[in-house]
Protein chains: 4
Amino acid sequence: MRKAPNQARSRATVEAIVHAGARVLADRGWAGFTTNRVAEVAGVSIGSLYQYFPDKLSLIDAVRRRHLEECLAIMRAARHDGKPLGRFLDDLVGDMMAAHDSHPGLHRVLLDEAPANGPHDPHSAYEREYLGHYAAAVAAYRRHRTETGDETVAMIMSDAVDGVIHNAARRGTLRSPEVKRELVRMLALYLAGPSADQDLG
Amino acid sequence: MRKAPNQARSRATVEAIVHAGARVLADRGWAGFTTNRVAEVAGVSIGSLYQYFPDKLSLIDAVRRRHLEECLAIMRAARHDGKPLGRFLDDLVGDMMAAHDSHPGLHRVLLDEAPANGPHDPHSAYEREYLGHYAAAVAAYRRHRTETGDETVAMIMSDAVDGVIHNAARRGTLRSPEVKRELVRMLALYLAGPSADQDLG
Amino acid sequence: MRKAPNQARSRATVEAIVHAGARVLADRGWAGFTTNRVAEVAGVSIGSLYQYFPDKLSLIDAVRRRHLEECLAIMRAARHDGKPLGRFLDDLVGDMMAAHDSHPGLHRVLLDEAPANGPHDPHSAYEREYLGHYAAAVAAYRRHRTETGDETVAMIMSDAVDGVIHNAARRGTLRSPEVKRELVRMLALYLAGPSADQDLG
Amino acid sequence: MRKAPNQARSRATVEAIVHAGARVLADRGWAGFTTNRVAEVAGVSIGSLYQYFPDKLSLIDAVRRRHLEECLAIMRAARHDGKPLGRFLDDLVGDMMAAHDSHPGLHRVLLDEAPANGPHDPHSAYEREYLGHYAAAVAAYRRHRTETGDETVAMIMSDAVDGVIHNAARRGTLRSPEVKRELVRMLALYLAGPSADQDLG
DNA sequence: GATGAATGAGTATTCATTCAT
DNA sequence: CATGAATGAATACTCATTCAT
């Protein structure tokens, strides 16, 4: 960002711009994301937008950072302190679906356009922490030890949640209790289940 | 499409354009997808591109149709005729991962710029058949009957596969045997598992 | 128009664009009318042109509206309040020839590319008022009443003036006093003359 | 033209192209006149069109020549050998209106786009002969000798006819007997009338 | 700071024309 | 000769970005 918004009004302006950016990205996709449109939706002039964001990319980065931070906050809040597994998954999946319900499709769009995927970019940092939370839960709840590491199991779970939630967002079924229940059931069975080599005949 | 390619030469041209379109979309994303670039990569003039596709969007549609058709072909080929479940899932997931390995990220980009997802657009038709194949497999292999329909289970499975594969594509781990094995394990446990209400404590 | 020019600067810009459009259309005809050329002649960037006009056609419409409005202004100013007929026609034809002398050929080009001449398009509205003025003059000066209505006579006169003036524009003889005198004479004789059925032997 | 069509089939092809050119020009105006469209309407391939016409301009010239030739043929046929004036004008105007009824607007479009208006271009040659026929008629029928030459009177008449007919074409009233009658009446009164200086009160 | 008019490089698209079949 | 696929210069139009007010 070009400059730190010091005064209250400035902060509100930046807030409005980032929020509008998320909205436009979710509603119109990459092709419909133009700086002029974002400024219009935010209710500020295009000049003001460039006062705070040096270019389009930095605005997208801000939107991305904001969204990933929200997802991380949910993960951080999803404590597995003594909760039974079913309850833990229920809370986690429920909160995640709720979070995506406000801007369906945003997450998906944000992750698609590969943003300089070096190991040090913000997305990677986010992902490391994100998967770390999942791995901790896996370590806490997993029943059967196999040769597969917690990190891999965590990744599979995270990606499955991602897939189910974002396809639900696309179909407009984010609020379906059935979808939520089945996703939770799949994760629970996965965590509870025996190793791959056993009787899946 | 503006014009049906009748002669052999023109069919080859259209083929090259669609193929180049997939490549450019996968490599450069929405922002890098320009008709001139596609024409260049295809090795044809921009005029030839517009001879067959009335505009940029119709070209993207063609690329999408082509890709979805490839995915459907895999589903159709994945017969569950007497195979044990583990074998069936192994084949299906393996083929799907291989298919996405050629253009990692393409599927995701294609599905996310959601253009008018009414129930009658080609993507919906594709999705109906796609989920239908999954549902047939679910009906064949499911052990425990619950109140949840085969279609819902099929959708969860399909979306989970989607999420895992496309995040793997993003991370460059599409060829990892571990990822494949765990995804198969999760699906198998899900299909084999008891209803949600049981002892997931 | 895409956007109303509010500030003084933007009004000047729109003015310059429309004026340049008339000039380019008159000088180079349809084939030479390109938006980039108009912008260049207007001394503004191509972006500014598209800030106010959504496409080429809307710019042509603006030029047309402007020109028709100028012609109407001449008709409105040509009062037949007690003037003798000769004087009235002299003033009217003189003003009209002068008006076309600034952009010879513009009128013809504008009217000929007939874009959807339904009864409700702006050109029709213009034509109704235009012919109305002529009809009023006919009613005031006509000597012999025939079965032909004032409106028809007005239309014949208007079209004849149109034909003579625009062919004169094409030939570069718009300032010829002889042309003006003879056109006036023809109109006067027509208005003064007896019905068609009489001795035209 | 690139080469003379010798065989019967070639002549028919050229014929079809010129005819289609007139049709497209009349129906779609300058903006819609493309060589590919003309070829399509003519039912020949674009390659065949370029076999006979080296470029677009030469095709337009052919269409123009053809149309002007038709108008000239009407003038040549309109003999004033002893006919009374009323009869002569009636025939001339009637034939001219009929000629324009097949391709309304064509003449207008053809004359608008100023085609290299040197004194030696085909249009000027046409115009000279055309006005010459009118002048001969004027000389034959004019009643009052004034200081204005026959050529000027002829030009005014020709231009008035042009204006009335082409505006009628635009309005779709080319077959109106009233329009024809009034146009004839105006021309007759003009030819019969006294000099400009007299009692036009 | 805020504004929004202006800019112009860059993209989408057309269409006259060529040439291999 | 006829065909129509291919070409690419030229045009229409967009949108990130600047800057005078």
Side-chain angles (χ1 to χ4, degrees), chain A residues 3 5-7 9-10 13 31-40 44-57 59, chain B residues 2-3 5-14 31-40 43-57 59, chain C residues 2-3 5-14 31-40 43-57 59, chain D residues 3 5-7 9-10 13 31-40 44-57 59:
Chain A
K3 52 168 121 184
N6 290 318
Q7 307 174 9
R9 187 163 51 136
S10 305
T13 299
F33 185 85
T34 70
T35 52
N36 281 283
R37 177 126 57 199
V38 171
E40 187 188 306
V44 303
S45 71
I46 181 63
S48 291
L49 190 154
Y50 277 90
Q51 194 89 33
Y52 296 108
F53 300 94
D55 55 22
K56 190 180 176 173
L57 200 61
L59 171 55
Chain B
R2 186 171 277 183
K3 204 168 156 179
N6 293 319
Q7 306 180 5
R9 183 167 49 139
S10 52
R11 253 181 287 117
T13 299
V14 169
F33 186 86
T34 70
T35 52
N36 283 282
R37 177 128 56 203
V38 171
E40 190 189 17
V44 302
S45 72
I46 183 62
S48 290
L49 191 156
Y50 278 92
Q51 193 115 53
Y52 299 105
F53 300 94
D55 53 25
K56 187 177 168 167
L57 203 64
L59 171 54
Chain C
R2 183 171 278 185
K3 205 166 154 181
N6 293 317
Q7 307 181 4
R9 184 168 47 141
S10 52
R11 252 180 287 116
T13 298
V14 169
F33 186 85
T34 71
T35 52
N36 283 286
R37 176 126 60 201
V38 171
E40 189 188 20
V44 303
S45 72
I46 182 63
S48 290
L49 189 154
Y50 278 93
Q51 192 116 55
Y52 299 105
F53 301 94
D55 54 23
K56 188 176 168 169
L57 204 64
L59 172 54
Chain D
K3 52 170 118 180
N6 290 319
Q7 307 173 11
R9 185 164 52 136
S10 305
T13 299
F33 185 86
T34 69
T35 52
N36 282 284
R37 176 127 56 201
V38 171
E40 186 190 307
V44 302
S45 71
I46 182 63
S48 291
L49 189 154
Y50 277 90
Q51 194 86 35
Y52 297 107
F53 300 94
D55 54 23
K56 190 180 177 174
L57 201 61
L59 171 55

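The chains referred to below are lettered A, B, ... by the order of the sequence lines, with proteins before strands, and numbering in each begins at 1.
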Participant: Tell me: CG of B:L49 to P of E:dC15, nearest whole Å?
Facilitator: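 Checked: the CG to P distance equals 16 Å.
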
Participant: Any idea which heavy atoms bring C:V14 and C:P5 closest together, and the distance?
Facilitator: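 Nearest pair, atom of C:V14 first, then C:P5: CG2-CG, 3.8 Å.
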
Participant: Give a yes/no on whether any side-chain N or O of C:R2 is located under 4.0 angstrom from OP1 or OP2 of E:dG4.
Facilitator: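 Checking E:dG4 against C:R2, no side-chain N or O comes under 4.0 Å of OP1 or OP2.
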
Participant: Side chains of A:L59 and A:F33: does their closest heavy-atom pair fall under 4.5 Å?
Facilitator: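 Of all side-chain heavy-atom pairs linking A:F33 with A:L59, at least one is under 4.5 Å.
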
Participant: Between C:E40 (CD) and E:dT7 (P), how many Å, whole number?
Facilitator: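 Checked: the CD to P distance equals 13 Å.
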
Participant: Quick one: is B:T13 getting a side-chain N or O under 4.0 Å of the F:dA6 phosphate, OP1 or OP2?
Facilitator: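 Affirmative; the distance criterion is met.
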
Participant: How many Å lie between OH on A:Y52 and C1' on E:dG1, as a whole number?
Facilitator: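 Those two atoms, OH and C1', are 7 Å apart.
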
Participant: Report the distance from atom CG of B:D55 to atom CZ of B:R2, rounding to the nearest 0.5 Å.
Facilitator: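 That separation rounds to 8.0 Å.
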
Participant: Can you give me the N/O atom pairs linking the protein to nucleotides 19-21 of chain F at distances under 3.5 Å, or say none if there are none?
Facilitator:
none

Participant: Below 4.0 angstrom from OP1 or OP2 of F:dA6, is there any side-chain N or O of B:S45?
Facilitator: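 Checking F:dA6 against B:S45, no side-chain N or O comes under 4.0 Å of OP1 or OP2.
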
Participant: Measure from the side chain of D:S10, starting at C-beta and using heavy atoms only, and say which of E:dA5, F:dC1, E:dT11 lies closest.
Facilitator: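 The listed nucleotide nearest to D:S10's side chain is F:dC1.
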
Participant: Give C:N6 one of three labels, base, sugar-phosphate or nothing, depending on what nucleic acid heavy atoms sit under 4.0 Å from its own.
Facilitator: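 It contacts nothing in the nucleic acid.
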
Participant: If you pin A:I46 and B:P54 to their nearest nucleotides in DNA chain E, which one's is more 5'?
Facilitator: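 It is A:I46, whose closest nucleotide lies nearer the 5' terminus.
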
Participant: Starting from the 5' end of DNA chain E, give me the residue, B:F33 or C:V44, whose nearest nucleotide shows up first.
Facilitator: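 Taking each residue's closest nucleotide, the earlier one in sequence belongs to C:V44.
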
Participant: Starting from P on F:dA2, measure out to CD on B:Q7 and report it in whole angstrom.
Facilitator: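 Answer to the nearest Å: 17 Å.
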
Participant: Locate the shortest heavy-atom distance separating B:T13 from B:S48; write the atom from each residue and the value.
Facilitator: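 Smallest interatomic distance, heavy atoms only, reads CG2-CB, 4.3 Å.
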
Participant: What is the distance from CD of D:Q51 to P of E:dT18, rounded to the nearest Å?
Facilitator: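 My rounded result for the distance is 12 Å.
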
Participant: Any strand is fair game: report the nucleotide pairing with E:dA20 by Watson-Crick or G-U wobble, both distances under 3.5 Å, or none.
Facilitator: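 Matched E:dA20 with F:dT3 under the 3.5 Å cut-off.
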
Participant: Are there more than 12 heavy atoms of other residues, nucleotides or ligands under 6.0 Å from atom CZ of A:R9?
Facilitator: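 No, the 6.0 Å shell around CZ holds no more than 12 heavy atoms from other groups.
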
Participant: Within the 4.5 Å heavy-atom criterion, are B:F53 and B:T35 side-chain neighbours or not?
Facilitator: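 Result no, sub-4.5 Å side-chain heavy-atom pair not found.
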
Participant: Atom CG of D:L59 and atom P of E:dT17: how far apart are they, to the nearest Å?
Facilitator: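 One finds 10 Å between P of E:dT17 and CG of D:L59, rounded.
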
Participant: Look at the side-chain N and O atoms of B:S48 and state whether any lies under 4.0 Å from the OP1 or OP2 oxygen of F:dT7.
Facilitator: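 The answer is yes; a side-chain N or O of B:S48 sits under 4.0 Å from OP1 or OP2.
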
Participant: The side chain of B:K56 is closest to which nucleotide in this list: E:dT13, F:dA16, E:dG8?
Facilitator: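 Closest nucleotide to the B:K56 side chain: E:dT13.
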
Participant: What distance separates A:Y50 OH from A:K56 NZ, expressed to the nearest 0.5 Å?
Facilitator: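 Here the rounded value is 8.0 Å.
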
Participant: For D:N36 and A:R37, find the nucleotide of DNA chain F closest to each by heavy atoms; which residue's nucleotide sits nearer the 5' end?
Facilitator: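 Upstream on the strand: D:N36.
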
Participant: Taking pairing as Watson-Crick or G-U wobble with both contacts under 3.5 Å, can you name the mate of E:dC15, or confirm there isn't one?
Facilitator: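 Answer to the pairing question: F:dG8, which forms a Watson-Crick or G-U pair with E:dC15.
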
Participant: With a cut-off of less than 4.0 Å, is there a side-chain N or O of B:T35 near OP1 or OP2 of E:dT11?
Facilitator: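 For E:dT11, neither OP1 nor OP2 has a side-chain N or O of B:T35 closer than 4.0 Å.
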
Participant: Under 4.0 Å from OP1 or OP2 of F:dG4: is there any side-chain N or O of B:K3 that close?
Facilitator: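 Answer is no, no contact under 4.0 Å.
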
